[in-house]
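Small disclaimer: the values here were computed from a predicted structure and weren't measured. In this chain, numbering begins with 1 at the start of the sequence shown.
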Amino acid sequence: QRWVNFSLMMFLRGKLGRYPPWPGKIVSPPKDLKKPRGKKCFFVKFFGTEDHAWIKVEQLKPYHPHKEDMVKINKGKRFQQAVDAVEEYLKKAKGKESAHASDDKNKTDKGRKAPAKPMKIIEEDDEDAFKGGSSDKPASSMEPISKRLKIIEEDTGSTSIQAADSTAVNGSITPTDKRIGFLGLGLMGSGIVSNLLKMGHVVTVWNRTAEKCDLFIQEGARLGRTPAEVVSMCDITFSCVSDPKAARDLVLGPSGVLQGIRPGKCYVEMSTVDPETITELSQVITSRGGRFLEAPVSGSQQLSNDGMLVIVAAGDRSVYEDCSSCFQAMGKTSFFLGEAGNAARMMLVLNMVQGSFMATIAEGLTLAQATGQSQQTFLDILCQGQMASTFVDQKCQNILQGNFKPDYYLKHIQKDLRLAISMGDSVNHPTPMAAAANEVYKRAKALDQSDNDMSAVYRAYIH
């Protein structure tokens, strides 16, 4: 067993406003875990999750004085489970203290001197408490800094790199010593950069709207004045923009990426675009001696914030391996699919399915209402059946609440459907379901829903 002083804290995840307050416990970091440079911070393990990370001092608040206010702010189920885990942990800790106090008294009664100020004791970090459960025996100690990887070779020849414990945002990630650049701070890019910084990466950022960079500069990022400057300053530069035109302009335009490319520089395109765009970008980057990887992501703003994206990569395998710590920071798993263009093809298929499914859910909700059925009951039944998922539950609840705050822009899922249909045409493969869904999204766009969440496709059925 080990003896440590501990404090329970309610921490605030940054000044960026994307993370809710979350309860955690200050613990001793692994011996070989580097503390972030220039920051006064503590190593915190978060209740209700398997996550742990360095948190700056000004982002920490005492648990008990702030508990009531924080519970009022955050009504989420996971947050309540985390608070329940804290209370269970405190209850067990109090029981241990009482037991040790009793032991000390017995020792004193036998003539042995008891300590003047008994220390709080943790036999080992209680992993079950942090997962929201309980255990009568101490769990294993914290994993070492070198996060274990498992490589999964599939029949298709693809490769997956993921954490052995399936944890994405994990304080045991060893950040690469390569300088990281990031271009594009939209819904997805913002969460990705936040997690890269949180895990100790050195990041230089650029965004077309420069004001968006300010929040990240406060969090420790560096500022690049142009895409070319970011690429010239960094070893690996990621980009995440809205569509093929934006991706091309970023690389080929004035002061663009291509002007900063030198032999050995790495460029990672994370935007969801068509395979033709990827082929073009790959060719121009490698023609300058650069190394190219495409790595579009499957997920949403929330999953990006949580570091739970799925990364689908293709291109230069050595760049994929160099990006290992970055992919671990931003996602729960990543796949390597071979030559450049394959990731774009796979991502368009995935988003085609997701977009079509979302339109079908909206159609079902409106048909239920039109036939006199309760939409809430429809959702309750749906979530008890084989199609139950977090996606279905969250999107339907948002629709019923009239909450269409973007988690994935409607205009972007329509763009993905359009590109998927075009890809089908290029290989003479029919996509009638996607084509029908695409028309519904186009109607939603005509109703001024482009900048709302994809679930706002619902409004195409009620207007």
Side-chain angles (χ1 to χ4, degrees), residues 157-159 161 174-185 189 192-193 196 201-208 213 221-297 311-330 334-347:
S158 69
T159 305
I161 293 182
T174 305
T176 179
D177 58 3
K178 296 184 183 298
R179 295 163 298 178
I180 304 301
F182 205 96
L183 313 174
L185 301 174
I192 291 171
V193 170
L196 288 173
H201 295 85
V202 177
V203 185
T204 300
V205 296
W206 174 89
N207 191 70
R208 185 176 57 182
C213 297
R222 301 171 182 178
L223 178 65
R225 292 174 296 179
T226 66
E229 183 176 87
V230 173
V231 173
S232 65
M233 292 169 60
C234 299
D235 303 304
I236 303 173
T237 300
F238 295 85
S239 72
C240 188
V241 293
S242 59
D243 57 31
K245 183 181 184 304
R248 285 191 181 96
D249 290 346
L250 193 62
V251 174
L252 304 172
S255 300
V257 167
L258 196 59
Q259 294 184 23
I261 291 292
R262 300 289 183 273
K265 294 283 187 182
C266 301
Y267 187 63
V268 183
E269 180 58 79
M270 304 193 77
S271 313
T272 301
V273 298
D274 55 280
E276 292 74 22
T277 297
I278 290 298
T279 299
E280 179 184 356
L281 297 181
S282 176
Q283 289 174 350
V284 297
I285 295 296
T286 55
S287 70
R288 295 287 184 92
R291 300 157 61 203
F292 182 84
L293 184 76
E294 57 167 333
V297 294
I311 299 104
V312 182
D316 189 324
R317 177 61 183 262
S318 66
V319 179
Y320 175 67
E321 292 169 351
D322 286 344
C323 292
S324 177
S325 74
C326 297
F327 288 158
Q328 289 178 73
M330 67 179 76
S334 62
F335 294 85
F336 184 78
L337 304 185
E339 66 180 19
N342 283 342
R345 295 180 185 97
M346 182 65 79
M347 189 56 59

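Separating the NZ atom in Lys178 from the SG atom in Cys234 is a distance of 12.0 Å, to the nearest 0.5 Å. Between atom CG of residue Leu293 and atom CZ of residue Arg317 there is a gap of 10.5 Å, rounded to the nearest 0.5 Å. Taken from OG1 in Thr272 to CD in Glu294, the straight-line distance is 10.0 Å, to the nearest 0.5 Å. Atoms OG and CG, from Ser325 and Leu196 in turn, are 8.0 Å apart once rounded to the nearest 0.5 Å. To the nearest 0.5 angstrom, Ile278 atom CD1 is 5.5 Å from Glu269 atom CD. To the nearest 0.5 Å, the span separating CE on Met330 from CD1 on Ile311 amounts to 6.0 Å.
At least one side-chain heavy atom of Leu258 sits less than 4.5 Å from a side-chain heavy atom of Arg288. Contact of the Asp316 side chain with the Phe292 side chain is not registered, since no non-hydrogen atoms from C-beta on lie closer than 4.5 Å. Side-chain contact check for Cys326 versus Ile180: some heavy-atom pair is nearer than 4.5 Å. Looking at heavy atoms from C-beta onward, Val284 lies in side-chain contact with Val251 at the 4.5 angstrom threshold. In this structure, the side chains of Thr176 and Ser324 stay at 4.5 Å or more apart for every pair of heavy atoms.
Closest approach of Ala247 and Val273 over heavy atoms only: CB-CG1, 4.2 Å. Between Val241 and Ser271, the shortest heavy-atom contact is N-OG, 2.8 Å. In this structure, Ser255 and Pro227 approach most closely via the heavy-atom pair O-CD, 3.3 Å. Annotation for Pro244 and Thr277: closest pair CB-OG1, 3.5 Å, computed over non-hydrogen atoms. When all heavy atoms of Arg291 and Ser318 are compared, the closest pair comes out as NH2-OG, 2.8 Å. When all heavy atoms are compared, the tightest approach of Val312 to Leu337 is CG1-CD1, 3.3 Å.
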Worksheet item: Passes side chain to side chain contact (heavy atoms under 4.5 Å, CB included), Thr226 versus Gln259? Steps please.
Response: CA-CA 10 Å; Thr226 66; Gln259 294 184 23; over 6 Å; no
Worksheet item: Val268 and Cys323: side chain to side chain contact (heavy atoms under 4.5 Å, CB included), yes or no, with the steps?
Response: CA-CA 9 Å; Val268 183; Cys323 292; 3.9 Å; yes
Item to complete: For side chain to side chain contact (heavy atoms under 4.5 Å, CB included), just list the numbers for Val193 and Val205, CA-CA rounded to whole Å, side-chain angles, deciding distance to a tenth of an Å, and then say yes or no.
Response: CA-CA 8 Å; Val193 170; Val205 296; 3.9 Å; yes
Item to complete: Output, in order, the C-alpha distance, side-chain angles, deciding distance and verdict of side chain to side chain contact (heavy atoms under 4.5 Å, CB included) for Leu250 and Trp206.
Response: CA-CA 11 Å; Leu250 193 62; Trp206 174 89; 3.4 Å; yes
Item to complete: Would you check, one step at a time, whether the test side chain to side chain donor-acceptor pair (under 3.5 Å) holds for Ser232 with Arg262?
Response: CA-CA 8 Å; Ser232 65; Arg262 300 289 183 273; over 6 Å; no
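Of the possible polar contacts, none joining the Arg345 side chain to the Pro275 backbone as a donor-acceptor pair under 3.5 Å is found. Formation of a donor-acceptor pair under 3.5 Å by the Asn342 side chain with backbone atoms of Ala314 is not found in this model. Here the side chain of Lys265 pairs no donor or acceptor atom with the backbone of Gly260 at under 3.5 angstrom.
Under 3.5 Å, the side chains of Gln283 and Ser287 contain no donor-acceptor pair of N or O atoms.
The aromatic rings of Phe238 and Phe182 sit parallel to each other, their planes meeting at less than 30°, with 60° as the upper class boundary.
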